[in-house]
Number of protein chains: 2
Amino acid sequence: MASDHTRSAILAAAERLYADRGFGDVTLRDIVAEANVNLAAVNYHFGSKDELIAELFVTRSIATNRERLHELKVAEEQGGGRAPIEVILRALVGPTLRGCLGPENQRSTVARFMIRASIESVPPIRRIKNREIDHLRKFVSAMRRSLPDRSDVDIYWGLNFALAMAHHTIRESERLTKLSEGKCDLDDVEDVVARVVSVATMALTAGRTETKPPARALARDAR
Amino acid sequence: MASDHTRSAILAAAERLYADRGFGDVTLRDIVAEANVNLAAVNYHFGSKDELIAELFVTRSIATNRERLHELKVAEEQGGGRAPIEVILRALVGPTLRGCLGPENQRSTVARFMIRASIESVPPIRRIKNREIDHLRKFVSAMRRSLPDRSDVDIYWGLNFALAMAHHTIRESERLTKLSEGKCDLDDVEDVVARVVSVATMALTAGRTETKPPARALARDAR
DNA sequence: GATAGTTTCATACAAGTGTTTGAATTGCAA
DNA sequence: TTGCAATTCAAACACTTGTATGAAACTATC
């Protein structure tokens, strides 16, 4: 039986580098340098670069999904099988936003890696990615239970927009900071989460719900 | 004086290929094959691959910005210097959505190229991209005029979310179709535009405006 | 401590990249 | 036509990429 030390060193180094610089310009030689192992180690332990990426993506996406689904499950159990839409949306976008924004030192490598994977659609990942749809379906179901009057189409669009706002804000956080001359504080992660959840909730409930609290109030409540 | 034929053939071929397959896996040899010119022609006419990409991006982004700003200007003139927020948002996201979604044969290469450029942040483009911020500022100003009571921060966030929804919907249109099993019709571009504009408008006006028409009604009005 | 299996290592390899070169061709003015 | 500059072309170059190889080092079992 092997020590596994080299294997996990490679995985960790690759995850870190991919999260930081994207798949495009990280070479095998970069990874082995970061991991302090020999160049041939990657092919020995993983077979090929693509298989390394695939394993990275599979393990990390399982972990991420488990976290999001756990948060969702807890919420639904508390509500007797039906969670408020805000809570569902929070479970959907909260972990990713928290892992990618905020103070540098508390960002999670996993979250940043997963965002990269969702942005740069590199072949080995694209092949696996169908599973994510199954994962999203669980959120669709929860949203349906939460908003039984809402049409499916509206649910799908609401989900799409929620993910859109979260992912785009992460990807373009630098530009938003520059554009707003620092007025938009991307380090205040909970405010960002609250804003995304608030707008997504409005998208999903407009024209149906009787009470419609203003966005800022919602954002404040959420802290 | 040169015929310029080769130059523009290269530009057109590159634009098409980049729009279709992204910058990542389009090589110079792909481009010259598509353009039916010799490999050395790119370096002869543009100096380098990066300069080709840069020229492509500059000319195309000027064209795109001009179109969006024209739409905005017309709207503001009609409203005596102050356009309704829906119209401003429509000028912001409409052209891009229309150019990237809808029936295959009426998609615009320019719009799809620009979306690629905004997704895959390749070095030669990243260097130029600051101009886009100046362009966005003009929309910020228009939005401020349209919603004088709104705080700057809210304006910036509203703009960010509007772009988020538009771009993400384009990028993930395939996944949304699959997830919704075709129930979300991405070919009905005007409905997509209306949905994005409607949600972004809610994000920007919630808690202030007195009348808040439901999302579907807004979407329907817009056609 | 010898041996067999596993893991590491330096090195080489094949394929693909953008770029350069220098000769051939073209187009146009004198 | 002649001459000259602009353009095209095939070929080669220098470099980087992922992968393969075979010897060396290590580890554990007997």
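To find a chain, count down the sequence lines: A is the first, B the second, and so on, and within it residues start at 1.
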At under 4.0 Å, does any side-chain N or O of S48(A) touch on OP1 or OP2 of dG18(D)? no

From CG of D4(B) over to C1' of dG27(C), roughly how many Å is that when rounded to an integer? 15 Å

Quick check: any donor-acceptor pair below 3.5 Å linking the side-chain of R29(B) to the base of dG16(C)? no

As a quick check of understanding, evaluate salt bridge (charged side-chain N to carboxylate O under 4.0 Å, His left out) for K178(B) and E172(B), giving each step before the final call. CA-CA 10 Å; K178(B) 201 182 294 179; E172(B) 304 286 337; over 6 Å; no

Rounded to whole Å, the NE2-C1' distance (H5(B) to dG27(C)) equals 16 Å

Residues within residues 31-43 of chain A bordering DNA chain D, heavy-atom distance below 4.0 Å: L39(A), A40(A), N43(A)

Could you check how far CG of D30(A) sits from P of dT17(D), rounded to whole Å? 7 Å

Side-chain touch S61(B)/M114(B), heavy atoms, less than 4.5 angstrom: yes

What nucleotide, of dT19(D), dA12(D), dT8(D), holds the atom closest to the side chain of Y44(B)? dT8(D)

When rounded to whole Å, the CG to C1' distance for the pair L52(B) and dT19(C) reads 14 Å

Could you tell me whether F113(B) and F23(B) have their ring centroids closer than 6.0 angstrom? yes

Would you say I119(A) and H167(A) make side-chain contact, with heavy atoms under 4.5 Å? no

Using whole Å, report how far NZ of K49(B) lies from C1' of dG16(C). 12 Å

Send over the distance from L28(A) CG to dC13(C) P, rounded to a whole Å. 20 Å

Nearest heavy-atom neighbours spanning P103(A) and D187(A): CD-O, 4.2 Å

May I ask you to decide if the ring planes of W157(B) and F161(B) are parallel, tilted or perpendicular, using 30° and 60° as cut-offs? tilted

Are the side chains of T177(B) and E174(B) in touch, meaning some heavy atoms are under 4.5 Å apart? no

I want to check one thing: is the phosphate of dT16(D), taken as OP1 and OP2, less than 4.0 Å away from some side-chain N or O of T27(A)? no

Separation of atom CZ in F46(A) from atom P in dT7(C), rounded to whole Å: 12 Å

If I take atom NE2 in residue H45(A) and atom C1' in nucleotide dC9(C), what distance separates them, rounded to the nearest angstrom? 12 Å

